[in-house]
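Heads up: the structure comes next, in structure tokens.
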Amino acid sequence: MHTVSSRPRRRRLLPLGLVAALAFALFQTPVATAAGPLISQNKPATASSTENAAFPATAAVDGNTGTRWSSAFADPQSIQIDLGAQAAVDQVVLNWETAYGKAFSIEMSENGSSWNQIYSTATGTGGVQTLAVTGAGRYVRLTLTQRATQWGYSLWEFQVFGVLGTGGPDPGPTGLLSYNKPATASSFQDDGACPGCVATKATDLDPATRWATSATTGWVDPGWITVDLGATATINKVVLQWDPAYAVSYEIQVSDDNNNWRRIYNTTTGKGFKETLTVSGTGRYVRMYGTKRSNGYGYSLWEFQVYGTGGAPTQPPAPPPAPNFTRLAWSDEFNGPANSTPDSSKWTPETGSGVNNELEYYTNNQNARMDGTGNLVIQVRREPTPGSACPVDPVSGSGTCQYTSGRINTYGKYDFTYGRVEARIKVSSTQGLWPAFWMLGSNFFATRTPWPNCGEIDIMEHVGRELNRVYSTLHAPGYFGAGGFGQPLDLGQRVDAAFHTFAVEWDASHMTFFVDGNGFFTVDRTQLELTKGPWVYDHNHFIILNNAIGGDFPGPPGAGTVLPQNMVIDYVRVFR
């Protein structure tokens with residue numbers, strides 16, 4: 001439960017008559033004939049961001065030139081189409097709104113992770129651009145790096161032409177060779193800031209564990225990490241997922257004996273975050289050899305992955321299955337009798353003082369009860385808890401917790417990976433209130449993985465000082481707390497005026513957040529890894545409902561705070 005920065009002000013809407021005239025003109029624009037048929041229409045589409053719920057990514061593939069996708073007002077952005085099967089692509093048509101891209105590239109991928117560029121330009125013209133391309137894959141992505149206007153990017157239509165069921169897999173790596181292989185390094189960190197950050201943490205396929213050079217001896221150049229593939233291999237790709245302590249200058253080297261090294265890649269302009277390197281070399285040992293650090297710290301990698309053929313690879317765990325967003329897998333309709341507590345087979349109450357400098361004491365379901373009409377009510381009330389300790393309450397001046405509330409979770413009773421998670425909620429709202437519907441990685445409890453490494457998915461947060469707004473936010477290493485990656489949504493009315501349905505659709509490549517069925521914020525995994533930090537959400541999470549007061553995000557209660565306040569939940573449902 002954390003905040004994010006406000007978005008830039010949205011641009012003014014065009015007068016309705018002008019919109020209609022433009023739409024009519026756009027309908028008259030002929031579409032150039034491609035060698036293959038249109039294969040992108042009504043296919044799943046996701047984007048790095050949306051300006052608001054009126055302009056979703058799906059509007060760019062719906063065949064309607066009167067609807068459009070529009071992004072946030074920042075660089076870079078992307079929009080991606082899943083064609084549903086392998087395809088040979090020969091043409092892309094971009095039908096731009098006024099806010100067009102000056103610099104952009106078109107890429108294709110077999111798996112939504114490894115990409116091949118099939119077109120790029122730094123002199124985009126806007127209007128209707130018909131681009132002859134040659135590419136193969138299932139996924140097509142438009143990556144936008146320079147805007148032509150002060151606004152974001154906006155497309156009436158993003159059309160892909162070609163033939164489905166053709167064009168084999170993208171050239172590139174045939175297998176991951178480095179998973180759980182022995183690794184050594186110039187040094188490693190093992191202290192309170194990074195306990196047990198040894199070299200093998202970079203080859204474990206866990207994006208929330210990392211290798212780092214020693215804080216006492218390793219903040220020097222050079223610094224290196226080596227993986228032993230177990231046998232000679234032909235290497236064609238290396239993936240580096242950097243912590244902020246990254247290498248500006250480094251080499252990728254191979255060796256037959258872990259002593260004599262051959263360089264197969266080098267750069268002096270490393271950018272950090274996720275770097276996917278096309279290489280060509282043969283050897284048993286592969287080394288990242290850093291020669292210039294990005295800052296005053298050392299070198300640190302969340303992941304060091306080597307791909308190719310040969311070696312002695314260990315089969316990595318099978319990925320979680322893709323979700324079905326329409327099959328109900330779990331729910332609680334809260335249909336218990338009045339004053340009954342949440343179903344103990346589904347929910348566990350968390351008790352004690354809150355975190356994030358909150359001021360409540362969470363009770364053992366004294367503040368979480370059914371109302372007898374199909375709802376769960378989580379109530380915040382002014383009620384001192386003798387013997388407890390909270391930050392000093394500005395109203396009473398006491399360090400004893402002056403408020404009680406409820407917080408319940410599904411850990412150990414329902415933990416899951418991927419799906420559509422939704423709840424119908426009428427939030428509470430007054431000065432200092434902070435109701436939330438969110439998820440936390442189950443490894444937070446199961447293996448004591450610390451926050452934010454475990455991953456946090458905030459489906460809905462509301463703070464009483466912003467009456468019309470809700471927030472959806474992700475927290476992980478590299479983006480957490482006030483720097484979490486998220487987006488607010490202004491509902492145009494008080495959030496507590498009515499029930500609203502809050503949801504997220506989550507799979508291996510993206511998350512899209514919804515309010516009342518309207519998607520308003522999409523997180524694309526590839527863009528996240530390239531610009532923010534690791535994606536740490538491919539494992540079980542559990543659901544949390546709570547109604548906090550005070551804390552870092554909403555600020556303290558005061559003279560304007562009205563209590564008690566009820567957060568009312570009609571249902572929680574998971575579709576998988």
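Numbers for residues simply follow the sequence, beginning at 1. Predicted model only: the values in this text are computed from it and were never measured.
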Exercise. Might you work through the ring-ring contact (aromatic ring centres under 6.0 Å, His included) test for Phe55 and Tyr153, ending with a clear yes or no?
Key: CA-CA 11 Å; Phe55 306 112; Tyr153 299 93; over 10 Å; no
Quiz item: side chain to side chain contact (heavy atoms under 4.5 Å, CB included) between Met439 and Val504: does it pass, once the steps are laid out?
Solution: CA-CA 11 Å; Met439 296 190 290; Val504 64; 4.2 Å; yes
Practice problem: Could you walk me through whether Tyr471 and Glu466 pass side-chain hydrogen bond (donor to acceptor under 3.5 Å, both in side chains), step by step? | Solution: CA-CA 10 Å; Tyr471 289 81; Glu466 299 181 55; 2.7 Å; yes
Practice problem: Applying side chain to side chain contact (heavy atoms under 4.5 Å, CB included), run through Thr98 and Trp151 and close with a yes or a no. | Solution: CA-CA 9 Å; Thr98 306; Trp151 315 118; 5.9 Å; no
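In this model, a donor atom of one side chain and an acceptor atom of the other lie less than 3.5 Å apart for Trp451 and Glu456. Side-chain contact annotation: Tyr139 with Asn111, donor-acceptor N/O pair under 3.5 Å absent. Judged purely by distance below 3.5 Å, without hydrogens or angles, the side chains of Asn180 and Thr314 never pair a donor atom with an acceptor atom. Counting only N and O atoms by type, the side chains of Asn95 and Thr65 include no donor and acceptor under 3.5 Å apart. Remark: the Thr46 side chain and the Gln80 side chain contain no N/O donor-acceptor pair separated by less than 3.5 Å.
Under a cutoff of 6.0 Å and an axis angle of 45°, Arg420 and Phe325 do not form a cation-pi pair.
Annotation: side chain of Asp415 is in contact with side chain of Phe542 (closest heavy-atom distance under 4.5 Å). Side-chain contact between Ile252 and Val286 is present, with heavy atoms from C-beta onward closer than 4.5 Å. Side-chain atoms of Thr143 and Gln117, non-hydrogen and from C-beta on, never get closer than 4.5 Å to each other. In this structure the side chain of Tyr265 never reaches within 4.5 angstrom of the side chain of Val238, judged on heavy atoms. Considering only heavy atoms from C-beta on, His510 comes within 4.5 Å of Thr522 through its side chain. By the 4.5 Å heavy-atom criterion applied to side chains, Leu491 and Leu489 are counted as neighbours. Looking at Gln305 and Leu205, their side chains come closer than 4.5 Å, going by heavy atoms from C-beta outward. A heavy-atom distance below 4.5 Å is not found between the side chains of Glu303 and Val239.
Shown here for Asp82 and Arg138, the closest heavy-atom pair between the two residues is OD1-NE, 2.7 Å. Taking all atoms of both residues into account, the shortest heavy-atom contact from Gly311 to Ala233 is N-CB, 3.5 Å. Residues Ala423 and Val572 share a closest heavy-atom pair of CB-CG2, 4.0 Å. Summarising the geometry of Ala47 relative to Trp69, their closest heavy-atom pair is CB-NE1, 3.4 Å, with the distance given to 0.1 Å. Nearest heavy-atom pair across Pro534 and Gln241 is N-NE2, 4.0 Å. A pairwise comparison of heavy atoms in Val93 and Gln91 identifies CG2-NE2, 3.8 Å as the closest pair.
A parallel orientation is assigned to the rings of Trp330 and Tyr414, their planes being inclined by less than 30° (bins at 30° and 60°). The aromatic rings of Trp96 and Phe104 sit tilted relative to each other, their planes meeting at an angle between 30° and 60°.
Judged by distance alone, with hydrogens and angles left aside, the side-chain atoms of Asp90 form no donor-acceptor pair with the main-chain N or O of Val133 at under 3.5 Å. Proximity of a side-chain donor or acceptor of Ser154 to a complementary backbone N or O of Ala99 within less than 3.5 Å is not detected.
Residue pairs meeting the salt bridge (charged side-chain N to carboxylate O under 4.0 Å, His left out) criterion with at least one partner in residues 71-80, sequence neighbours excluded, are Asp75-Arg147.
Every residue meeting the salt bridge (Lys or Arg N to Asp or Glu O under 4.0 Å) condition with Arg141, not counting sequence neighbours, appears here in chain and number order: Glu107. Residues meeting the ring-ring contact (aromatic ring centres under 6.0 Å, His included) test with Tyr246, sequence neighbours left out: none. Residues satisfying the ring-ring contact (aromatic ring centres under 6.0 Å, His included) criterion with His541, sequence neighbours excluded, are Trp506, His539. Remark: Trp302 pairs with no residue by the ring-ring contact (aromatic ring centres under 6.0 Å, His included) rule, at least two apart or across chains. Legend: residues meeting ring-ring contact (aromatic ring centres under 6.0 Å, His included) with Tyr537, ordered by chain and number and at least two apart, are Trp535.
Here the CD1 atom belonging to Ile106 is positioned 6.0 Å from the CD1 atom belonging to Ile118, to the nearest 0.5 angstrom. Put simply, OH on Tyr119 and OG1 on Thr134 are 13.0 Å apart, with the number rounded to the nearest 0.5 Å. Going from atom OG of Ser70 over to atom CD of Glu97 covers 6.5 Å, rounded to the nearest 0.5 Å. In this structure, CG on Leu131 lies 11.5 Å from CD on Gln159, to the nearest 0.5 angstrom.
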